[in-house]
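This report concerns only the one structure given below.
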Amino acid sequence: MGTVGTSADGPADERRQLINVAYRLLGSLTEAEDAVQDAYTRWYGLPRSRQEEIVSPGAWLTTVTSRICLDLLGSARARRERYVGAWLPEPLPDRTEWGRAGGADTTGPADPADQIVLDESVSMAFLVVLESMTPAERVAFVLHDVFRYPFAEIAVVLGRSAAACKQLAASARRRVSVARAPAPVTTTDRADVIRHVKEAWETKDIAALVGLLDAAAVMTADGGMVGTVLGPVEGGARIAQYMVAIADKAPGLELLERSVNGGPGLVARRAGVVTTVASFDVSNGRVTRIWAVRNPQKLRPWAREG
């Protein structure tokens, strides 16, 4: 992959790019960091003579990281079939939001979440669509459509022909186009709707919540073993009732407007501990999808919110 890794400062400078690739491939910041670390371990395990033969260390690391992710995606399917309830990608905080929340130390070592470029390709809606793809489709699509790698280089990762990789990306692209909302919504409009949801949730106003939720809205919650909802909650009225029931069971729950995966979202805290991070899809002024992550293992990047 000659499009990456030309830095004269060596392979260490490629870490940011590699984490960006790996997170989009895996949907897990923890697994992405492990995959990148594994790739670096393999690089530094090469004999010096072999390292000197590699024209682009960054390209080599990208290929190896992508292959590691491909293997992990295959095994992840089996693990997620055993997962309790729905599995959602790990939500990403925005470092500037930590600073605004107060007390976040922005001078310490870089957190892996800080290295992720926040754009449409890390939105929860986009990552959920990626989860519907086969591992090979996901690798071909992410490397080509998101990071603009040529199919000839992707073929090396997948062990397939360039033509086959092009077909995989096209199939993945169709999945994305079908799932994508028909009408784009500005960040400001989305934030306004979510702010009203927050206000209605805080006052336990079911009627107001129903008015803000699309009649066919769907809420998916990922709790792991924490208050897991085994299936999606469907319908605006049912979701509103569910949200109010959560508030009733958690006195002292604090709702904060925060950037989640680069877009407006809500964070719920109780006694200073982040318990839920919610992402939203909005269309025509109403919420159509809610993705709520409650699994504590997936909320570790948000610990500094407290």
message: Return the CG to OG1 distance between Leu253 and Thr276, rounded to the nearest 0.5 Å.
response: 7.0 Å
message: Could you report the tightest heavy-atom contact between Val210 and Ala240, atom names first, then the distance?
response: CG2-CB, 3.8 Å
Separation between CZ of Arg258 and CG of Leu266, rounded to the nearest 0.5 Å: 10.0 Å
message: Please determine whether residues Met133 and Phe147 belong to a single hydrophobic cluster, defined as Ile, Leu, Val, Met, Phe, Trp and Tyr linked transitively by side-chain heavy-atom distances below 4.5 Å.
response: yes
- request: Can you see which heavy atom on Tyr23 is nearest to which on Leu29, and at what distance?
  value: CD1-N, 3.7 Å
- prompt: Are Arg286 and Leu212 close enough that some pair of their side-chain heavy atoms sits under 4.5 Å apart?
  reply: no
task: Check the surroundings of atom CD in Gln297: do more than 12 heavy atoms from other residues, nucleotides or ligands lie under 6.0 Å from it?
output: no
query: How far does CD of Glu120 sit from CG of Asn261, to the nearest 0.5 angstrom?
result: 12.5 Å
- prompt: Would a distance-only check, ignoring hydrogens and angles, find a side-chain to backbone donor-acceptor pair under 3.5 Å from Lys298 to Asp222?
  reply: no
Side chain proximity check, Ile290 to Leu213, heavy atoms < 4.5 angstrom: yes
task: Go through the steps for Glu14 and Trp60 under the test side chain to side chain contact (heavy atoms under 4.5 Å, CB included), then give the verdict.
output: CA-CA 10 Å; Glu14 301 299 333; Trp60 185 93; over 6 Å; no
task: Give a yes or no on whether Phe126 and Val218 share a hydrophobic cluster (residues Ile, Leu, Val, Met, Phe, Trp, Tyr; joining criterion: side-chain heavy atoms under 4.5 Å apart).
output: no
- prompt: Just by modelled atom types, is the Thr134 backbone N or O under 3.5 Å from a matching donor or acceptor in the Glu137 side chain?
  reply: yes
query: Backbone N or O of Gln167 within a donor-acceptor pair of the Ser171 side chain at under 3.5 Å?
result: no
message: Within the structure provided, determine whether Pro57 and Gln51 are in side-chain contact (heavy-atom separation under 4.5 Å).
response: no
message: With side chain to side chain contact (heavy atoms under 4.5 Å, CB included) as the criterion, how do Trp43 and Val64 come out once you've worked through the C-alpha distance, each side chain's angles and the decisive distance to 0.1 Å?
response: CA-CA 9 Å; Trp43 166 261; Val64 172; over 6 Å; no
query: Leu25 versus Thr65: any side-chain heavy-atom pair under 4.5 Å?
result: no
query: Are Leu46 and Val156 co-members of a hydrophobic cluster defined by side-chain heavy atoms under 4.5 Å apart?
result: no
query: Should the pair Arg48-Glu52 be classified as a salt bridge under the 4.0 Å nitrogen-to-oxygen rule?
result: yes
task: Identify the heavy atoms of Ser66 and Val157 that sit nearest to each other, and give their distance.
output: CB-CG1, 3.6 Å
query: Do the charged groups of Arg67 and Asp71 touch, with an N to O distance under 4.0 Å?
result: no
query: Does the side chain of Thr220 come within less than 4.5 Å of Arg289's, by heavy atoms?
result: yes
- prompt: Arg138 side chain to Arg24 main-chain N or O, any donor-acceptor pair under 3.5 Å?
  reply: yes
query: Between Leu168 and Ile154, is any pair of side-chain heavy atoms under 4.5 Å apart?
result: no
- request: Go through the steps for Val176 and Asp145 under the test side chain to side chain contact (heavy atoms under 4.5 Å, CB included), then give the verdict.
  value: CA-CA 11 Å; Val176 172; Asp145 284 46; over 6 Å; no
task: Over all heavy atoms of both residues, which pair between Val197 and Met243 is shortest? Give the atoms and the distance, please.
output: CG1-CE, 3.9 Å
message: Can you tell me which residue among Thr288, Asp214, Val193 is in a side-chain contact (heavy atoms from CB on, under 4.5 Å) with Val282?
response: Val193
- request: Would you mind reporting whether Val117 and Arg16 have side-chain heavy atoms less than 4.5 Å apart?
  value: yes
field: Side-chain donor/acceptor of Arg175 to backbone N/O of Ser132, under 3.5 Å
entry: yes
task: Answer yes or no: is there a side-chain heavy-atom contact under 4.5 Å between Pro301 and Leu92?
output: no
query: When clusters are formed by joining ILVMFWY residues with side-chain heavy atoms under 4.5 Å apart, either directly or through shared neighbours, do Met219 and Val244 land in the same one?
result: yes
query: Do side-chain atoms of Thr203 reach the backbone of Glu199 as a donor and acceptor pair under 3.5 angstrom?
result: yes
query: Say you draw a straight line from CD1 of Ile194 to OG of Ser279; how long is it, rounded to the nearest 0.5 Å?
result: 8.5 Å
- prompt: Would you find more than 12 non-hydrogen atoms of other residues, nucleotides or ligands less than 6.0 Å from Lys166 atom NZ?
  reply: no
- prompt: Near Arg160 CZ, under 6.0 Å, is it more than 12 heavy atoms from other residues, nucleotides or ligands?
  reply: no
query: Under the side chain to side chain contact (heavy atoms under 4.5 Å, CB included) criterion, do Trp291 and Asp281 qualify, and how do the steps go?
result: CA-CA 9 Å; Trp291 298 278; Asp281 230 2; 3.9 Å; yes
field: Basic-acidic side-chain contact under 4.0 Å: Arg269, Glu254
entry: yes
Interatomic spacing from CD in Glu202 to CG in Leu255 - rounded to 0.5 Å: 5.0 Å
- request: Nearest 0.5 Å please: distance from the CG atom of Leu18 over to the CG atom of Leu61.
  value: 5.5 Å
- line: Taking every heavy atom of Ala136 against every heavy atom of Leu158, the minimum-distance pair comes out as O-CD1, 3.9 Å
query: Which heavy atom of Ala169 sits nearest a heavy atom of Phe151, and at what distance?
result: CB-CE2, 3.7 Å
query: Do Arg15 and Glu33 meet the salt-bridge criterion of a basic N to acidic O distance under 4.0 Å?
result: yes
